[in-house]
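Below, read A as the first sequence line, B as the second, and so on, with proteins coming before strands; counting in each chain starts at 1. Reckoned from all heavy atoms, side chains included, excluding hydrogens, waters and symmetry mates.
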Amino acid sequence: MRANTRIFGEIDIPEEKIITMEKGMIGFPDLTHYTLIYNSEKERGQSTIMWLQSMDDGDIAFPVMVPTIVMPDYDPVVNEEILAPLGELTDENTYILITVNVPSDIKKIACNLKAPIVINTDTNRAAQLIVEDDYKVHFPIYDIIKGNKERAGE
Amino acid sequence: MLALTRKKGESLIINNNVEITVLEIRGDQIKIGVNAPKEIPIYRKEVYEQILQENKKSAEALDAQALNELFD
C-alpha cells in the first residue's frame with residue numbers, strides 16, 4: 001500500500017504491516033489504515049517515539065509511544081466488548097500505545113493517557129478508546145523523558 | 001435536532017437496542033440512564049471533545065527533529 005506522506009515522503013508498505021482501525025482515530029473516522037514507523041530498526045519496540053502514519057491521508061501522522069516509559073504502572077481498565085472486533089487479545093499480542101502532543105515549544109510536550117490505542121499484533125487490528133480511569137488527556141512528559149535519559153546516562 | 005419532552009422515569013428507544021431513561025431531575029442536573037449493547041462506546045461529550053482536540057494537535061506535530069533529539 002502506497003502513501004505520499006508529509007513527514008516520510010513516498011512510502012510503500014507491505015499489506016502485513018498495515019494496521020486497520022475500523023473506527024479510525026477519534027476525530028478521524030474516515031482514516032482507517034495506518035502503519036507504524038520507527039526511527040530506526042534498533043529502536044523497534046524500545047523506549048522511543050514511533051509514528052502512527054495514516055495510509056489514507058499522508059498529512060496525518062500521530063507521534064506515539066509506549067505508555068510505560070512515562071508511567072511504569074500504567075494499567076487502564078478497558079471495555080473488552082469494544083475491543084472484541086480486534087480479535088482475541090492476550091498478554092503476548094496486545095500492544096498499547098499513547099499519542100504524543102508536540103507543540104512548537106518542545107518543553108510543553110505531553111501525552112494522552114486517557115485514550116490509549118490498543119493493537120492486536122496478530123490480526124493487526126487496532127482501536128482507540130477512552131478509558132474510565134482517572135488518567136490525564138494532557139500529561140506533560142518533558143521532565144520525565146529528560147530524567148529517564150539522565151538516569152540511563154549514569 | 002429532534003426535541004422530545006420526557007418526564008422522570010420515561011425513556012427513549014434508539015435503533016431498537018439503545019434505551020435512554022431520565023432517572024432523576026434535581027435543579028439543573030439530570031441523571032440519565034443508558035441501556036445499550038456493551039460494544040457501543042458511550043462517552044461524556046466534553047471528554048470526547050477533549051480527546052478529539054488532543055488527537056488533532058498530535059497529528060499536526062511538525063517538529064520531528066526536536067522530538068527525536070529529546071528521545072534519542
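- The choice from Leu52(B), Ile51(B), Ile40(B) that makes the most heavy-atom pairs within less than 4.5 Å of chain A is Ile51(B).
- Both the backbone and the side chain of Ile26(A) come within contact range of chain B, each with at least one heavy atom under 4.5 Å from a heavy atom of that chain.
- Closest of all the heavy-atom pairs between Asn79(A) and Lys38(B) is ND2-O, 3.2 Å.
- Transitive grouping of hydrophobic side chains (ILVMFWY, heavy atoms separated by less than 4.5 Å) keeps Val131(A) and Ile42(B) in distinct clusters.
- Under a cut-off of 6.0 angstrom, the local environment of NZ in Lys57(B) is crowded, with over 12 non-hydrogen atoms contributed by other residues, nucleotides or ligands.
- Annotation: Glu24(B), atom CD; neighbour count of heavy atoms from other residues, nucleotides and ligands within 6.0 Å is above 12.
- Two different hydrophobic clusters hold Tyr43(B) and Ile14(B) under the rule that ILVMFWY side chains link at heavy-atom gaps under 4.5 Å.
- Annotation for Glu132(A) and Arg44(B): closest pair OE1-NH1, 4.0 Å, computed over non-hydrogen atoms.
- Both the backbone and the side chain of Leu129(A) have a heavy atom closer than 4.5 Å to some heavy atom of chain B.
- Hydrophobic cluster membership is shared by Ile32(B) and Ile25(B), with clusters built from Ile, Leu, Val, Met, Phe, Trp and Tyr side chains linked at under 4.5 angstrom.
- Interface residue Asp59(A): only backbone heavy atoms are found under 4.5 Å from chain B.
- Atom CG of Asp134(A) is surrounded by 12 or fewer heavy atoms from other residues, nucleotides or ligands within 6.0 Å.
- Pairing each heavy atom of Phe71(B) with each of Ile109(A), the nearest pair is CE1-CD1, 4.0 Å.
- Residue Glu49(B) does not touch chain A at all, counting heavy-atom pairs closer than 4.5 Å.
- Only the side chain of Ile145(A) comes within less than 4.5 Å of a heavy atom in chain B; its backbone stays farther off.
- Between Thr48(A) atom OG1 and Leu70(B) atom CG the span is 9.5 Å, to the nearest 0.5 Å.
- Nearest heavy atoms, Ser58(B) versus Pro63(A): O-CD, 3.2 Å.
- No chain of hydrophobic side-chain contacts below 4.5 Å, direct or via other Ile, Leu, Val, Met, Phe, Trp or Tyr residues, connects Leu23(B) to Leu12(B).
- Heavy-atom contacts from other residues, nucleotides or ligands closer than 6.0 Å to CD of Glu80(A) number 12 or fewer.
- Side-chain heavy atoms closer than 4.5 Å link hydrophobic residues (I, L, V, M, F, W, Y) into clusters, and following such links, possibly through other members, connects Ile98(A) to Tyr142(A).
- Heavy-atom pairs under 4.5 Å with chain B peak, among Ile82(A), Leu83(A), Asn112(A), at Ile82(A).
- How far CD of Glu54(B) is from SG of Cys111(A): 9.0 Å, rounded to the nearest 0.5 Å.
- Nearest heavy atoms, Tyr48(B) versus Gly27(A): OH-N, 4.3 Å.
- Heavy-atom distances place the backbone of Ala61(A), and not its side chain, under 4.5 Å from chain B.
- Listed options Ile60(A), Val100(A), Val64(A) were ranked by heavy-atom pairs under 4.5 angstrom with chain B; first place goes to Val100(A).
- With hydrogens and angles disregarded, no donor-acceptor distance shorter than 3.5 Å links the side chain of Asn101(A) to the backbone of Asn55(B).
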